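The structure appears right after this line, and notes come after that.
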Number of protein chains: 4
Amino acid sequence: MPDNEQKEQPRRRQARGERRIAQLLDAAATVFTTTGYTAASTNAIAREAGVSPGTLYQFFPNKEAIAIELGGRLVHEMQTAYGEALAPVDPATPLEEAVGAAVDRFIAFNCRHPVFFALMHGPDIPGRLTEEHDALHVALVGRVEGLLSSILPEAPVADIKRTAQMVLGIYMAGLELVLAHEGAERDAYIREVKTALTRYLDPLLGDRLGRPGLTTTP
Amino acid sequence: MPDNEQKEQPRRRQARGERRIAQLLDAAATVFTTTGYTAASTNAIAREAGVSPGTLYQFFPNKEAIAIELGGRLVHEMQTAYGEALAPVDPATPLEEAVGAAVDRFIAFNCRHPVFFALMHGPDIPGRLTEEHDALHVALVGRVEGLLSSILPEAPVADIKRTAQMVLGIYMAGLELVLAHEGAERDAYIREVKTALTRYLDPLLGDRLGRPGLTTTP
Amino acid sequence: MPDNEQKEQPRRRQARGERRIAQLLDAAATVFTTTGYTAASTNAIAREAGVSPGTLYQFFPNKEAIAIELGGRLVHEMQTAYGEALAPVDPATPLEEAVGAAVDRFIAFNCRHPVFFALMHGPDIPGRLTEEHDALHVALVGRVEGLLSSILPEAPVADIKRTAQMVLGIYMAGLELVLAHEGAERDAYIREVKTALTRYLDPLLGDRLGRPGLTTTP
Amino acid sequence: MPDNEQKEQPRRRQARGERRIAQLLDAAATVFTTTGYTAASTNAIAREAGVSPGTLYQFFPNKEAIAIELGGRLVHEMQTAYGEALAPVDPATPLEEAVGAAVDRFIAFNCRHPVFFALMHGPDIPGRLTEEHDALHVALVGRVEGLLSSILPEAPVADIKRTAQMVLGIYMAGLELVLAHEGAERDAYIREVKTALTRYLDPLLGDRLGRPGLTTTP
DNA sequence: GATGAATGAGGATTCATTCAT
DNA sequence: TATGAATGAATCCTCATTCAT
């Protein structure tokens, strides 16, 4: 079994590393959530993780790399654990129901991972998106585009893209409000997000019934 | 002439002070817009204004105070120069038209004062709003609330508040997209913002025609 | 002269600054001499100068800038206070005498400013000269070239350059030995430097007497 | 077979160890050459060698030890492979020829082992020579002393030492210039080094012909 | 012997803010 | 008022070295 040993040794070694990485990402999530991405410091993350700054830099070359990895894991978990929220929808499903289910899942996801919001609002200067912000954003917009395409296969790509951006924007705006409230008020905001999205999207689906549908570029 | 002197000295001083303040606020607007609020440094603002750091602190106790004052002036200008955008609407005006006009005015305002966006997205941590962010936000939400109230005088305050927050959120989300694009694409996004807001608000006005209207808290 | 082109107005304010700059350069000279350029830290320089790190950075953007300024001042002082050491030589002067006088002056200068040596041996990687090293070096080589040209006006530039580099190299090598010893031994090394340079240069002057002179590129 | 095993185990271990050491020293040579001794990091050396930092420290207690061992091996190789360059010279050989041959060999050696230069210019602070620098330096000076003694057996030791230091210094200064150039220019510098050394040493040999010879301490 | 995680002091540099002039 | 020097804690990041496995 020396073969086995040789194979497992690195694994074990990496095991500790993997644990540290997870630990550091958890700490980063906490700090990003608490202070925001820009104001977060790598030392604070290391402190939160209970390790020295040097240890952090053994696994991540800089702050952005942490955010990117964190974003990547969020997207991955979203796909695996919340995949249905973004799965193509049965065209027979009423829009209200589909939107409601999707929003519920997303809200649940974002409440479990509040860092998502902090990452989406990275060092925000409109037009100058940084990588990790972009990565997350692009990934999400991509999924929404896919969803919309599955419903409106004949719509022009440019329109789909725009609509997806708007949908994501409306959702994020609503999410901010949802996260800023609690209890019944939070629930009320969740309902508002669903309402806003449903109303925004409803007319687009018109063509399925012979109605005009998506506003197109002139 | 001592009387004269006493009167004129303060005036001159205030005049110079006002000029300095305006100069500093202009510089701050530039820096906030360029680097974002969090990353902006007071030294950079002073440099941009062509004065020394000490001078800056003669007029503002700290960085946040600059943002607050800047936000205040933005709100003030909005009221005076763009007041109609937030003025109570003639109930007879079609919603689409009213929203379209308001959005056009706001977009124009925000393009002339891009710092508005930077201030609204200050050190953004949901739930932990800082003063100046809050001030701007509260002011704007207040105006939107007023507008909605003028249209729906019977709606519960809580619902009005919620709707106003949503409206502002949707607008800001759209604004980010508008600012991130140019030319025809920008125009397309402006249209989308109008569409989204119109669709979101349209059903609320139903009671004026006997339709259900605002979703209310259960 | 170290100042940029823009500022001519503030004069007196800079008085304190000038003092600080001198103080910082003195401290830098001490630290560079003690630890060498590469190992010297800006914090150590600030500490040696009795100021905070921030103060140092008010006057110098980074470590290299300190070295460059220091080098510039050294060259300047060399020109003004030790100018004769590099002044064109009366062709009638016996070489031995001329070299002896020049070396004596240089040694005196370098003993008064031991940092000169540290700067000349900056972050030494042959081929990869850094700016401040280069600046000092180039300045000195230029002077030696001038000296040689004044003696051998007909020699090809390439040969003059090469000879100047060698002369400077031999001098610096000797200087290291001189600085590493004291008393009589130091004096003996000074004599050796003179001897080495005289012997190296003597044949070059042959053409003045009809002898072959400088070895030329084939 | 236990006997055999006992014998072979150490051998293998030593063999492996030697391989590791050679590997590490090669890596160190590369890094020292690239970044200079002071700026070189043990982690970088380990990385270059493809091993972990821990492994490096299993063979060397610290960075300086690596330099010392590297210097030792260089000296050793110089003795074995380039020994003739430092072998006592047949007094009948013309100086020019002897110096030319020696310089050629040394230059060849230094071009094959560019780390030599980096080590000789270690954390250079005149007067405060560190061990490994000293070791290399002392070894080389010793050999040059031997050479000179073989030619001038009656010269005082102090004079021999001084001359040897000067010879080494001139050579190192020339080497720097040689390494900093390429092609024809490099060749020209090689010629200059030979010239400088020949001219410096030539008068010393005078006593062999009844001429004064070495300048002595008064 | 080998690994790679861990350390923590120290590196350069910045920044909000204060103070003497 | 205005200046610009001064601060010192905090920033990101590196490095020689050690330690558990």
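What you see below is based on every heavy atom in this structure, not just the backbone, and it leaves out hydrogens, waters and symmetry mates. The structure presented is a predicted model; accordingly, all values stated were derived computationally and were not measured. Convention: sequence-line order gives letters A, B, ...; per-chain numbering from 1.
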* Asked: How would you list, by chain and number, every residue that makes a side-chain hydrogen bond (donor to acceptor under 3.5 Å, both in side chains) with B:Thr30, sequence neighbours excluded?
  -> none
* Those residues that, when tested against A:Gln58, pass side-chain hydrogen bond (donor to acceptor under 3.5 Å, both in side chains) (two or more places apart) -> none
* Contact state string [nucleotides 8-15 of chain F, B base, S sugar-phosphate only, - no protein heavy atom under 4.0 Å] -> B--SBBBB
* Structure fact -> Here the side chain to side chain donor-acceptor pair (under 3.5 Å) pairs for residues 41-51 of chain A, sequence neighbours left out, are A:Thr42-A:Tyr57
* Kindly say if D:Arg20 contacts the phosphate of E:dG1, meaning a side-chain N or O under 4.0 Å from OP1 or OP2. => no
* For A:Ala28, what residues pass the side chain to side chain contact (heavy atoms under 4.5 Å, CB included) criterion, not counting sequence neighbours? -> A:Phe32, A:Ile45, A:Ile66, A:Leu70
* Under-4.0 Å salt bridge between C:Arg73 and C:Glu77 -> no
* **By side chain to side chain contact (heavy atoms under 4.5 Å, CB included) - contacts of D:Ala65 (at least two apart)** => D:Phe60, D:Pro61, D:Asn62
* **Exam field: side chain B:Thr55 to backbone B:Val51, donor-acceptor pair closer than 3.5 Å** => no
* Rounded to whole angstrom units, what separation is found between the CD1 atom of A:Ile21 and the C1' atom of E:dA5? -> 11 Å
* **Intra- and interstrand pairs of DNA chain F - dot-bracket, Watson-Crick/G-U under 3.5 Å, | marks other strand** => .||||||||||||||||||||
* To do: Could you state the atom-to-atom distance from CZ of B:Phe59 to P of E:dT17 in whole Å?
  => 17 Å
* Atom CD of C:Gln58 and atom P of E:dT13: how far apart are they, to the nearest Å? -> 15 Å
* Base, sugar-phosphate alone, or nothing: which one does B:Phe60 contact when heavy atoms must sit under 4.0 Å apart? -> nothing
* **Length of the line joining A:Glu18:CD and E:dG4:C1', which is rounded to integer Å** => 13 Å
* **With sequence neighbours excluded, residues passing side chain to side chain contact (heavy atoms under 4.5 Å, CB included) with B:Ala39** => B:Thr35
* Asked: Which whole-number value in Å describes the distance from B:Leu56 CG to F:dA2 C1'?
  -> 12 Å
* What heavy-atom pair brings C:Lys63 and C:Thr38 nearest, and what distance separates the two atoms? -> NZ-O, 3.1 Å
* **Nearest-nucleotide comparison on DNA chain E, the residue closer to the 5′ end among A:Gly50 and D:Val51** => D:Val51
* May I have the distance from B:Glu64 (atom CD) to E:dC15 (atom P), rounded to whole angstrom? => 18 Å
